[in-house]
Amino acid sequence: MTSDNPIIRIRNLGFSYNENHAALHNITLDIAHGEFICVLGANGSGKSTLAKLINGLLKPTSGSVEVDGLCTSDEHNVRTIRACAGMVFQNPDDQIVATRVENDVAFGPENLCLPAETIKQRVSESLEAVGMSGFEKRNTATLSGGQKQRLAIAGTLAMHPRVLILDEATSMIDPRGRKGLLKICRELHKQGITLIMITHDIQEALHAERILILDKGHLSVDTTPQHLLSHWRALATSHLELPFSAELITELNKQGFHFETTLTQSQLEDALCQLHSQR
Ligand code: ADP
Ligand code: MG
């Protein structure tokens, strides 16, 4: 899908770590300002590679990536692009740089050489955005996994990114921590930030507005949560674990029903009755 004035513009993107094996093949994609996108795919399908290409950590082998009109292949743009597209990784321990919470959040803005008063304000508003006001003086080593991940997000938000990329950021935290993070994502989305959430978890993906599936480096699906289940073949190929209702719909579709959308509880009941009456 392409749009008029996207914040991310990807054209015929290919990437190889080495000559023998391409990690991404010919991807063309636009992401509009303020979109909430989820990227699904099996291990090794190229999700992290795509994320790193978007924030300029990697350069395209072929094709191009533009972030807010700036081409990532141009070394002069990389600093601006990294500030515009912030990334949060799977393991928060890899991102926490200070022993005190407030110093950790201040690290990025300090590198931007912002005035002390601005840094203080950014630390306070970023901690508030992730529900961690009051944690300023805490030692980062004493935080839970979920709190660490929220801190990593706060550190990224303090840079005032326009795009936030979460690369399997919920995979190492417990279900309560996950729920908290998803709530923060929805809140940030409401505030107009562009969100790219990479996950294995279809339930999480259903929170997004748009879902992409990568299959062996190819963009195989570009759809909405409502239509995700009509792509059950791609879901099966990607070995993604379906939620119970989705498993059921997938089975029903295999038996000749045509449910294109995610079902509500009552639609699910009707479908079951229909199936039962045909037996
Ligand atoms: P995902 O995030 O979907 O698990 P990745 O983007 O990490 O997938 O990997 C895509 C492909 O690129 C895989 O085949 C993986 O083995 C390969 N790959 C990833 N990182 C490197 C690297 N640093 N060097 C060589 N190959 C890599
Ligand atoms: Mg990955």
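The analysis underlying the following values was restricted to heavy atoms, covering all of them including side chains, and did not include hydrogens, waters or symmetry mates. Read the numbers this way: they start at 1 and go in the same order the structure lists the ligands and their atoms.
Looking at Asn18 next to ligand 1, no N or O pair under 3.5 Å apart turns up. Of the N or O atoms in Ala23, none lie within a sub-3.5 Å distance of an N or O in ligand 1.
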Kindly determine whether Thr224 and Ile211 satisfy side-chain contact (heavy atoms from CB on, under 4.5 Å), including the steps that lead there. CA-CA 6 Å; Thr224 59; Ile211 296 176; over 6 Å; no

Would Glu75 and Lys59 satisfy salt bridge (charged side-chain N to carboxylate O under 4.0 Å, His left out), going step by step from the backbone distance to the final call? CA-CA 9 Å; Glu75 201 48 48; Lys59 307 270 179 283; 3.7 Å; yes

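Look at His21 and you'll find a heavy atom under 4.0 Å from some atom of ligand 1.
Taken from NZ in Lys179 to NZ in Lys183, the straight-line distance is 11.5 Å, to the nearest 0.5 Å. Interatomic distance, CE of Met132 versus CZ of Arg150, reported as 6.0 Å (0.5 Å rounding). Annotation: the span from Ile213 atom CD1 to Thr237 atom OG1 amounts to 9.0 Å, rounded to 0.5 Å.
A 6.0 Å sphere centred on CD of Glu117 holds no more than 12 heavy atoms belonging to other residues, nucleotides or ligands.
Residue side and main chain included, Gln90 places no N/O/S atom under 2.8 Å of the Mg ion (ligand 2).
By heavy-atom distance, the residue among Gly44, Ala42, Gly46 lying nearest atom 11 (C) of ligand 1 is Gly44.
Scanning the protein for heavy atoms near atom 19 (C) of ligand 1, the closest one is Tyr17 CE1, 3.3 Å. The shortest contact between atom 6 (O) of ligand 1 and any protein heavy atom is with Thr49 OG1, 2.4 Å.
In this structure, atom 8 (O) of ligand 1 is in close contact with the protein, since a protein heavy atom lies within 4.0 Å of it. Atom 15 (C) of ligand 1 lies below 4.0 Å from none of the non-hydrogen atoms of the protein.
Shown in contact with Asn43 at under 4.0 Å from a heavy atom are these atoms of ligand 1, numbered in order with element: 4 (O).
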